[in-house]
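The figures that follow rest on heavy atoms only: side chains count, while hydrogens, waters and symmetry mates do not. For ligands, and for the atoms within them, numbers begin at 1 and follow the listed sequence.
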Amino acid sequence: MSHRSRNWLQLLTSVAVLLLAELTVTRSTAQKIVVTNDDGWAVAQIRLEYEQLQAAGYDATVSAPAENGSGSGSLSVPALPLLFEPCEYNSCPIGSPAEGFNASNPRLNYINALPVDAARYGIQTLAPQFFNGAAPDLVVSGPNVGANLGIQVEFSGTIGAACEAVKDGVPSVAFSGADGSTAEESWMNIYTAPSSRTIVNATSYAQLTATFLAALFTQPPSTPTLLPSGVILNVNFPAVSPTCSRKDVQWVLTRVYPTLFFHDVVVCNNGGKLPEESSVIATGCFATVSIVDADTKLDADANAQGDVLERLVKLGFVCA
Ligand SMILES: *[C@@H]1O[C@H](CO)[C@@H](O)[C@H](O)[C@H]1NC(C)=O
Ligand SMILES: *[C@@H]1O[C@H](CO)[C@@H](O)[C@H](O)[C@H]1NC(C)=O
Ligand SMILES: *[C@@H]1O[C@H](CO)[C@@H](O)[C@H](O)[C@H]1NC(C)=O
């Protein structure tokens, strides 16, 4: 080998070593996220969310129900093999085991049980496997197909899964998007109908989620934990349209239920009463953020609200 090519080889080797070191560092410092939902592991929304998180540099793993588990709240069932029907949209055949994954991407996992069980499976079984024994930093639940506002919070599997995560010791945020057409939910549409309304809108929701997480993960350094203990956040995105694109969306701190009392965090000259999420989302291009007690699923107190307001300062909350 000539001198010249040996030098080149050395240079290339050093560059490769440096690149590898860089990769390893990024890998080990990336935030670890379990993604779950209630609509099932094969809806386009959760696949797009996973891809968005990976693209944004997070270390993500999907753990979601094999079938649509909407409306199951905090119910839990034993995981069973798929003896009588395939996974939703034929995403796994009849006879598949109770837990399985996508053959070409083992980070896409299903469990044939309810959303709460999927969250627990992700935290207790998959996270140690994919995150080198470490616990996840966050469970992202959703974005749900359809909004979760007011009394819907009580029955939503998206919320149920997020509350379960908090009970298992992992902070969690539930996301829901107003738009989604059930005819177009299969993940296959990402490939076969990429410009369909559902896919385009679901992509916007995945991007809004990334915007939210960027603010959550860069909160002021005086906050040692990601979120106050014992609460989840219920985030709802508006219907997106040409006049309300993801870039137009503004964030508002809200409450889930109406109240006669004035005990909320004082902000926006509200006299101690936050606006309800369902009325805010109806009035404009707003995404709502409500703070919900993970045990009772009722609005959390003013301390928790104020705490979240400070942590999410980068989001740039506006007054509705
Ligand atoms: C799941 O079921 C709920 C209610 O049963 C329905 O509203 C929703 O559209 C379904 N989701 C999908 C992806 O089919
Ligand atoms: C598995 O993942 C690959 C690549 O991500 C995709 O092409 C395929 O359709 C997926 N299949 C199922 C059942 O999820
Ligand atoms: C997204 O959904 C809205 C309805 O909520 C619809 O008006 C809009 O056209 C959809 N966007 C696209 C790009 O299809």
### Query
Counting only heavy atoms not in Asn132, do more than 12 fall under 6.0 Å of its CG?
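Check fails, neighbour count at 12 or below.
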
### Query
Got a sec: does the OH of Tyr257 have more than 12 other heavy atoms crowding it under 6.0 Å?
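It does: Tyr257 OH has more than 12 such atoms within range.
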
#### Entry: Ligand-side contact atoms (ligand 2) for residue partner Ser104, heavy atom cut-off under 4.0 Å
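Contacts of ligand 2 toward Ser104, numbered from 1: 1 (C), 2 (O), 3 (C), 4 (C).
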
### Message
Could you check whether Asp38 and Thr158, counting side-chain N and O atoms only, form a donor-acceptor pair closer than 3.5 Å?
### Response
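Present: a donor and an acceptor within the cut-off.
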
### Task
Would you please say whether a donor-acceptor pair under 3.5 Å links the side chains of Asn234 and Glu277?
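Result is yes, a qualifying pair exists.
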
Are any of the N or O atoms of [X] closer than 3.5 Å to those of ligand 2?
X	answer
Ser91	no
Asn105	no
Trp41	no

What are the two closest heavy atoms between [X] and [Y], and how far apart are they?
X	Y	result
Ala161	Ala119	O-CB, 3.6 Å
Val145	Glu185	CG1-OE2, 3.2 Å
Ser245	Val240	C-CG1, 4.4 Å

### Task
Select one of side chain, backbone, both or neither to describe which atoms of Arg107 lie under 4.0 Å from any atom of ligand 2, heavy atoms only.
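No part of Arg107 is near ligand 2 at this cut-off.
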
### Query
Looking at Lys32 and Asp137, does any basic side-chain N land under 4.0 Å from a carboxylate oxygen?
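Answer for the salt bridge query: yes.
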
Protein heavy-atom partner closest to [atom] - residue, atom, separation in Å:
atom	answer
atom 9 (O) of ligand 2	Trp187 NE1, 2.9 Å
atom 7 (O) of ligand 2	Tyr191 OH, 3.8 Å
atom 11 (N) of ligand 2	Asn102 ND2, 2.9 Å

Identify, by atom number and element, the atoms of ligand 1 in contact range of [X], meaning under 4.0 Å from any of its heavy atoms.
X	value
Tyr89	13 (C), 14 (O)
Glu185	13 (C)
Asp39	11 (N)
Val43	13 (C)

